[in-house]
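Below is one structure, written out as structure tokens, with a few remarks after it.
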Amino acid sequence: METGIDIRHIPGLIPDIYVISACNAANYCYHTTWLDLKYEQQAEIVAHYLLDKLIESHVHDAQQDEMERQNRKRK
């Protein structure tokens, strides 16, 4: 999906937008508990967050496809 939003980052580093979103979703306080985590732990949490978002996107797409199929069926 192309949103028009361009997230620039340094290769090999996790973009800040994903870090902060994952931090909030996992109920960590960025300036205290999050920064105490090892980088590998942070990366795992961000990966889990992004997978959850990907699954949500696929579920939404499937629901939309089903609604469109049902609407075509009614016509």
Side-chain angles (χ1 to χ4, degrees):
M1 171 195 297
E2 181 59 43
T3 63
I5 299 171
D6 183 25
I7 299 172
R8 296 173 193 259
H9 67 283
I10 299 169
L13 296 179
I14 304 168
D16 289 341
I17 188 80
Y18 298 137
V19 171
I20 293 168
S21 296
C23 175
N24 289 335
N27 293 320
Y28 280 94
C29 178
Y30 182 79
H31 294 288
T32 56
T33 54
W34 181 263
L35 294 177
D36 290 339
L37 297 174
K38 293 179 183 175
Y39 184 78
E40 292 81 13
Q41 292 171 312
Q42 292 176 358
E44 288 173 359
I45 293 169
V46 172
H48 187 272
Y49 169 77
L50 292 175
L51 284 174
D52 280 348
K53 291 298 175 190
L54 181 61
I55 291 168
E56 281 179 27
S57 177
H58 284 292
V59 167
H60 183 266
D61 288 347
Q63 289 171 336
Q64 189 128 7
D65 289 347
E66 179 62 19
M67 285 187 342
E68 290 171 3
R69 190 180 69 75
Q70 291 293 332
N71 284 341
R72 284 193 304 267
K73 201 179 216 183
R74 289 184 192 139
K75 291 181 180 181

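Start at 1 with the first residue, then count along the sequence.
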(message) With heavy-atom distances below 4.5 Å as the criterion, would you say the side chains of Gln70 and Met67 are in contact?
(response) no

(message) Under the rule for side chain to side chain contact (heavy atoms under 4.5 Å, CB included), what residues qualify as partners of Glu68, not counting sequence neighbours?
(response) Gln64, Asp65, Arg72

(message) Determine whether a donor-acceptor pair (N or O, by modelled atom type, separation under 3.5 Å) exists between the side chain of Gln42 and the backbone of Trp34.
(response) yes

(request) Check whether Ile45 and Leu54 end up in the same hydrophobic cluster, where Ile, Leu, Val, Met, Phe, Trp and Tyr are linked by side-chain heavy atoms less than 4.5 Å apart. (result) no

(message) If I take atom CG from residue Asp36 and atom NE2 from residue His31, how far apart are they, to the nearest 0.5 angstrom?
(response) 12.5 Å

(message) Count I, L, V, M, F, W, Y as connected when their side-chain heavy atoms are under 4.5 Å apart, and connections chain through other members. Are Leu50 and Ile55 then in the same cluster?
(response) no

(request) Say whether Tyr30 and Leu37 are linked into one hydrophobic cluster, either directly or through other cluster members, by side-chain heavy-atom distances under 4.5 angstrom. (result) yes

(message) Membership question, hydrophobic clusters at under 4.5 Å side-chain separation (ILVMFWY): are Ile17 and Val46 in the same one?
(response) yes

(message) Give me the atom names and distance for the closest heavy-atom approach of Lys38 to Gln41.
(response) N-OE1, 2.8 Å

(request) Looking only at non-hydrogen atoms, find the nearest pair between Cys23 and Cys29 and report the distance. (result) SG-C, 4.1 Å

(request) Look only at the side chain of Ser57 and the backbone of Lys53, and say whether a donor-acceptor pair between them is shorter than 3.5 Å. (result) no

